[in-house]
Every structure is written in C-alpha cells, then in structure tokens.
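First the proteins, then the strands, lettered A, B, ... as listed; each starts at 1.
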Amino acid sequence: MVHFTAEEKVAVVSLWARVNVELVGGEVLGRLLVVYPWTQRFFDSFGNLSSESAIMGNPKVKAHGKKVLTSFGNAVKHMDDLKDTFAELSELHCDKLHVDPENFKLLGNMISIVLATHFSKEFTPHMQAAWQKLTAAVANALAHKYH
Amino acid sequence: MLSAQERIQVAQVWDLIAGHEASFGAELLLRLFTVYPSTKSYFKHLGFCPDETQLLTHGQRMLEAVGVAVQHMDNLRAALSPLADLHAQVLRVDPSNFPLLIQCFQVVLASHLQGEFTVEMQAAWDKFLTGVAVVLTEKYR
C-alpha cells in the first residue's frame with residue numbers, strides 16, 4: 001500500500017480544492033487523445049475525433065473528461081485506501097472496457113501536465129512529486145483487479 | 001518522422017527556451033530528481049543533494065544538446081551520434097528513464113508557458129523528444 005506523508009496530502013488536497021474539474025477534465029482527456037492518438041481506440045462512439053480542434057471541442061470528450069476527473073476526486077479523499085476505493089472501477093476497466101492499464105499511467109502524466117499549465121510556478125517539483133505519486137497509485141489501484 | 005507543422009511547433013517552443021538553457025535545465029533536473037528519485041542513481045558525481053550550481057551546469061549541458069537536436073531535426077542520428085556513443089558506452093542510462101525525463105520536460109514547459117502550451121506544441125515536443133531518446137539508446141546493443 002502506498003503511504004502518503006502529511007505534506008503530500010496537504011499538497012494534493014489544497015491544490016485539488018482549486019481545480020475546475022469540468023475544465024481540467026476535458027483538457028486532460030482531450031490532450032491524451034491528441035498526444036497519444038492510439039488512445040482514441042476506446043472512444044469510437046465519441047463522433048468527430050479527426051483533428052486537434054475537433055477533439056478538444058468535442059462535447060463527449062469534455063463530458064467524459066469531467067467524469068474521469070470527478071472520479072479522481074475520490075482518490076484525493078481516500079489517499080490511504082485507493083485499492084478498495086477503485087476496486088469496482090478496476091473490474092469495470094478490465095471486464096467491460098478492456099483498457100490496457102498502461103493508459104492509466106498516460107492519463108496520470110497528462111493530469112500533471114495540465115495542472116502545471118493552470119498553476120504554473122505553484123506546481124513546484126514537490127507538488128509535482130505528490131501528484132505523480134498519487135496518479136501512479138491510482139493507476140495501480142485501477143489495474144489491481146485485472147485478471 | 002516529424003511533419004512540417006510539427007517541426008514549426010518544435011522550433012517555436014525552442015525559441016522560448018533558447019538563452020535560458022541553464023535555468024530550464026536546472027529545473028528539469030530538479031523535477032526529475034524530486035519526482036523520480038531513482039534517477040539520481042545516474043548522477044552520483046553530483047552528490048545526494050545536488051546544489052544549484054551543479055544543476056545549472058549539468059542542466060545547461062543537457063538543454064544545449066536538445067538545442068542541437070532542434071537544429072538537426074532532419075538528421076538526428078548524425079547530429080547526436082557522439083551523444084549516442086556516450087550513452088551506449090559510458091552512461092548506459094536504462095531506456096526506461098527517458099520517458100521520465102520527457103514527462104518532466106513537458107511539465108517544465110507547461111508551467112512556464114501555461115495556456116500558451118497548446119496541445120499541438122505538447123504533441124510535437126513529446127514526439128520530438130521521444131525521437132531523440134530513440135536515437136540516444138539506439139546503439140545500446
């Protein structure tokens with residue numbers, strides 16, 4: 001189980017309180033689909049993903065990005081208990097969605113990059129370290145029930 | 001490998017870094033060592049807690065090499081051949097570390113450029129830096 005220090009928890013929680021989940025969620029998922037186009041394979045039903053502007057403006061991408069990042073909010077609330085928190089979602093991603101867990105790492109990295117665009121100098125190396133530790137731990141939790 | 005548009009994006013971003021190689025490089029290394037402490041294993045000569053001067057010196061060297069890559073996007077293999085030899089024969093950095101460096105590079109760019117770090121810039125730089133990493137590890141075996 002991953003242990004977060006008190007400082008790491010404060011860093012994550014304080015930044016999260018200022019995140020516009022709808023906006024950031026859409027940007028994170030949009031950037032994932034543009035920078036790593038093979039991730040589009042999971043989103044055939046999303047309509048027009050033919051260009052960068054189509055992807056970033058796609059309402060389904062924005063909606064789903066919001067959904068994904070909202071779920072991330074749960075991680076922030078349960079940093080000491082990620083495996084249980086994401087157990088059901090892990091089964092879903094394995095059994096129904098068939099998502100290669102490598103994608104969770106890519107998305108996690110994208111979260112740090114988008115947070116950096118929003119928070120700039122405040123997204124210090126220590127802040128980045130706490131967030132990358134959290135996103136990596138969530139990625140592991142989401143992969144935990146794979147079989 | 002890079003389209004004409006992607007090369008323009010890479011050059012545009014480099015214009016913002018050029019002249020600031022030392023400070024960018026130092027921040028890159030500081031983030032790398034903070035977020036991924038295992039990477040410090042390749043920098044024993046900098047000590048357990050590298051100081052600012054060391055980070056600036058080494059950071060500048062690394063970013064200047066990136067600058068060489070930017071000038072020779074058409075022919076990375078030839079331009080980076082000496083560095084590829086160095087990495088294969090002397091440094092032998094495990095290839096899994098390059099994505100970690102690339103992630104930190106993107107975060108440095110993102111935090112400095114903020115909203116101006118467009119998704120096209122990010123895509124072009126990710127592709128470009130990944131190409132550099134491929135060339136640097138190509139002679140490993």
Q) What closest approach, in Å, do A:Ser120 and B:Ser111 show between heavy atoms, and which atom pair accounts for it? A) OG-O, 2.7 Å

Q: Please report the closest heavy-atom contact between B:Glu120 and A:Glu52, naming both atoms and the distance.
A: OE2-OE1, 3.3 Å

Q.
Taking side chain as everything from C-beta outward and backbone as N, CA, C, O, which of these in B:Phe33 sits under 4.5 Å from a heavy atom of chain A? Side chain, backbone, both or neither.
A. neither

Q: Could you tell me the separation between the CG atom of A:Leu106 and the CD atom of B:Gln103, rounded to the nearest 0.5 Å?
A: 9.5 Å

Is there a side-chain contact between [X] and [Y], using heavy atoms and a 4.5 Å cut-off?
X: B:Gln122; Y: A:Met110; result: yes
X: B:Gln106; Y: A:Asn109; result: no
X: A:Gln128; Y: B:Cys104; result: yes
X: A:Ile113; Y: B:Phe117; result: yes
X: A:Gln132; Y: B:Tyr36; result: yes

Q: For each of B:Leu109, B:Asp126, B:Val108, B:Val119, tally heavy-atom pairs with chain A at distances under 4.5 Å, and name the one with the top tally.
A: B:Val119

Q: Please say whether more than 12 non-hydrogen atoms of neighbouring residues, nucleotides or ligands are located less than 6.0 Å from NZ in A:Lys96.
A: no

Q) Which residues, numbered in order, of residues 50-69 of chain B come under 4.5 angstrom of chain A by heavy-atom distance? A) none

**Q.** Which portion of A:Tyr36 sits near chain B, non-hydrogen atoms under 4.5 angstrom
**A.** side chain

Q. Given the options A:Pro37, A:Ser112, A:Pro125, which has more heavy-atom pairs under 4.5 Å with chain B than any of the others?
A. A:Pro125

